[in-house]
Amino acid sequence: MTKVVGLTGGIATGKSTVSRYFSEVGYPVIDADIIAREVVEPGEPGLAQVVAYFGESILLEDGHLNRKRLGEIIFNDSEKRRKLDAILDDEIRGEISTRIEEQVKLGAPLVIVDIPLLYEAHYDEMMDEIIVVGLSEKIQLERLCARNKLTEEEGLARLASQMPISEKIKLADVIIDNSGTIPETYQQIDQWLVKNKKIKPSHM
Ligand SMILES: CC(C)(COP(=O)(O)OP(=O)(O)OC[C@H]1O[C@@H](n2cnc3c(N)ncnc32)[C@H](O)[C@@H]1O)[C@@H](O)C(=O)NCCC(=O)NCCS
Ligand SMILES: Nc1ncnc2c1ncn2[C@@H]1O[C@H](COP(=O)(O)OP(=O)(O)OP(=O)(O)O)[C@@H](O)[C@H]1O
């Protein structure tokens, strides 16, 4: 039986840091952000639909999506953000389901599905268990602004486009606290793996 575990959190709370670790110790990870990039590659129907709504000015000269520009638009305009979500939802959802099914068919004991908008977009029903990577909103904002080189105002606009991390923590089956050091975070993942005995990594 494959255990399907949803991994979520807020923007920059550390989902990739956690999912990378799961991958390093040998478990398959499905990453919704990567899928969201694939469906807007040049030539994909998703990109054509985005251009139809946002206009040609959303493209770079080489025909790729100008992600920085689209981010600036949607994180400051909730109607446009909802429109983008609606355009891409079917394809992202379909691809996530297909990849989970592949892992089930392969007989994987565990698959991690990293979805930033897991609760907002109602993916919870697909999951056997949900891990939320949490920390305080203060550290979240600091890490987000440092990583994306955003002003505090720009960072706050991105936080406002998602369910607050405090709400996600309340909904979680399991919380990984990523406010400490990265080794401290890895330790919590190891503890979770040990607790789920069947899926203990071989190196432990
Ligand atoms: C707006 C885009 C082009 C910005 O691209 P960029 O490369 O700067 O950011 P990236 O894709 O790495 O996303 C970073 C984070 O932003 C947050 N985020 C992305 N899209 C959204 C959204 N529609 N609403 C709220 N938060 C979002 C997530 O926490 C995500 O992890 C891109 O995020 C996008 O295409 N978003 C829509 C697709 C989507 O819904 N992705 C989330 C999959 S569940
Ligand atoms: N425990 C930690 N201590 C210090 N910095 C950290 C820690 N965990 C993550 N970071 C840094 O914080 C930033 C956000 O982490 P990460 O990219 O893993 O978050 P994310 O939730 O995947 O982000 P996004 O929602 O944007 O995809 C990165 O710059 C990362 O290097």
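Everything numeric here is computed off the predicted structure, so don't read it as measured data. For ligands, and for the atoms within them, numbers begin at 1 and follow the listed sequence.
Remark: ligand 1 atoms within the under-4.0 Å shell around heavy atoms of Ile115 are 44 (S). For ligand 2, the atoms lying closer than 4.0 Å to a non-hydrogen atom of Gly10 are 21 (O), 25 (O). Those atoms of ligand 2 with a heavy atom of Ile11 less than 4.0 angstrom away are 25 (O), 26 (O). Proximity to Ile74 (heavy-atom distance under 4.0 Å) selects the following atoms of ligand 1: 1 (C). Atoms of ligand 1 found under 4.0 Å from any heavy atom of Arg37, numbered from 1 in the order shown, are 7 (O), 10 (P), 11 (O), 12 (O). For ligand 1, the atoms closer than 4.0 angstrom to any heavy atom of Asp33 are 30 (C), 31 (O), 42 (C). Ligand 2 places these atoms under 4.0 Å from at least one heavy atom of Gly14: 15 (O), 16 (P), 18 (O), 19 (O), 20 (P), 21 (O). When each atom of ligand 1 is checked for a heavy atom of Ser161 under 4.0 Å away, the hits are 25 (C), 26 (N). Residue contact check: Ala12 has heavy atoms under 4.0 Å from atoms 14 (C), 19 (O), 20 (P), 21 (O), 23 (O), 24 (P), 25 (O), 26 (O) of ligand 2.
Put simply, no part of Pro116 is less than 4.0 Å from ligand 2, judged by heavy atoms. Heavy atoms of Ala146 stay at 4.0 angstrom or farther from ligand 2. The closest approach between a heavy atom of Ser19 and any atom of ligand 2 is not below 4.0 Å.
When hydrogens are left out, the protein atom nearest atom 17 (C) of ligand 1 is Gln162 NE2, 3.3 Å; that is the closest non-hydrogen contact. Nearest protein heavy-atom neighbour of atom 27 (O) of ligand 2: Asp33 OD2, 3.4 Å. Of the protein's non-hydrogen atoms, the one nearest atom 19 (C) of ligand 1 is Phe75 CZ, 4.0 Å. For atom 8 (N) of ligand 2, the nearest non-hydrogen atom of the protein is Asn178 ND2, 3.0 Å. Nearest protein neighbour of atom 16 (O) of ligand 1, counting heavy atoms only, is Ile11 CD1, 3.4 Å. The closest protein non-hydrogen atom to atom 5 (N) of ligand 2 is Arg143 NE, 3.5 Å. Residue, atom and distance of the protein heavy atom nearest to atom 31 (O) of ligand 2 are Thr17 OG1, 4.9 Å. Closest to atom 22 (C) of ligand 1, if we only count protein heavy atoms, is Leu117 CD1, 3.7 Å. When hydrogens are left out, the protein atom nearest atom 17 (O) of ligand 2 is Arg147 NH1, 3.0 Å; that is the closest non-hydrogen contact. Of the protein's heavy atoms, Ala36 CB, 3.9 Å lies nearest to atom 41 (N) of ligand 1. Of the protein's non-hydrogen atoms, Lys15 N, 3.5 Å is the one closest to atom 20 (P) of ligand 2. The protein atom (non-hydrogen) at minimum distance from atom 23 (N) of ligand 1 is Asp85 OD1, 2.6 Å. What sits closest to atom 35 (O) of ligand 1 on the protein, heavy atoms only, is Arg67 NH2, 4.1 Å. When hydrogens are left out, the protein atom nearest atom 24 (N) of ligand 1 is Arg81 CD, 3.4 Å; that is the closest non-hydrogen contact.
Annotation: Thr185 places no N or O atom under 3.5 Å from an N or O atom of ligand 2; distance criterion only. Backbone and side-chain nitrogen or oxygen atoms of Lys15 are examined, and none is located within less than 3.5 angstrom of a nitrogen or oxygen of ligand 1. Ligand 2 has a nitrogen or oxygen under 3.5 angstrom from a nitrogen or oxygen of Ser16.
In this structure, Met127 is a member of the same hydrophobic cluster as Ile175, with clusters built from ILVMFWY side-chain heavy atoms closer than 4.5 Å.
In this structure, Met126 and Ile100 have side chains that are in contact, with non-hydrogen atoms separated by less than 4.5 Å. Side chains of Leu65 and Val50 form a contact here, defined as non-hydrogen atoms less than 4.5 Å apart. Between Phe54 and Ile74 there is a side-chain heavy-atom pair separated by less than 4.5 Å. Counting only heavy atoms from C-beta outward, the side chains of Ile58 and Ile73 approach each other to under 4.5 Å. Contact check for Val5 versus Asp128: no side-chain heavy atoms found under the 4.5 Å cut-off. Residues Asn148 and Glu154 fail the side-chain proximity criterion, which asks for heavy atoms closer than 4.5 Å. Using a 4.5 Å heavy-atom threshold, the side chains of Leu171 and Met163 count as touching. Between Glu102 and Pro28, every side-chain heavy-atom pair lies at or beyond the 4.5 Å cut-off.
A side chain to side chain contact (heavy atoms under 4.5 Å, CB included) with Ile30 holds for exactly one of Asp114, Ile35, Ile112; it is Ile35.
Taking the six-membered ring for Trp and thresholds of 30 and 60 degrees, Trp192 and Phe22 have ring planes more than 60 degrees apart, a perpendicular arrangement.
For Glu120, no heavy-atom contact with ligand 1 is shorter than 4.0 Å. Contact annotation for Leu84 and ligand 1: only side-chain heavy atoms (C-beta onward) come within less than 4.0 Å of the ligand.
Between Lys138 and Glu142, at least one side-chain N (NZ, or NE/NH1/NH2) sits under 4.0 Å from a carboxylate O, which counts as a salt bridge.
More than 12 heavy atoms of other residues, nucleotides or ligands shown are found within 6.0 angstrom of CD on Glu120.
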Apply salt bridge (Lys or Arg N to Asp or Glu O under 4.0 Å) to Glu167 and Lys170, showing your working.
CA-CA 5 Å; Glu167 290 298 312; Lys170 280 188 212 152; 3.3 Å; yes
Under the criterion salt bridge (Lys or Arg N to Asp or Glu O under 4.0 Å), I'd like the reasoning laid out for Glu41 against Arg37: C-alpha separation, chi angles, the key distance, then a yes or no.
CA-CA 7 Å; Glu41 282 289 317; Arg37 281 166 194 261; over 6 Å; no
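The closest donor-acceptor contact from the side chain of Asn178 to the backbone of Leu135 lies at 3.5 Å or more, if one exists at all.
Closest of all the heavy-atom pairs between Ala36 and Ile92 is CB-CD1, 3.8 Å.
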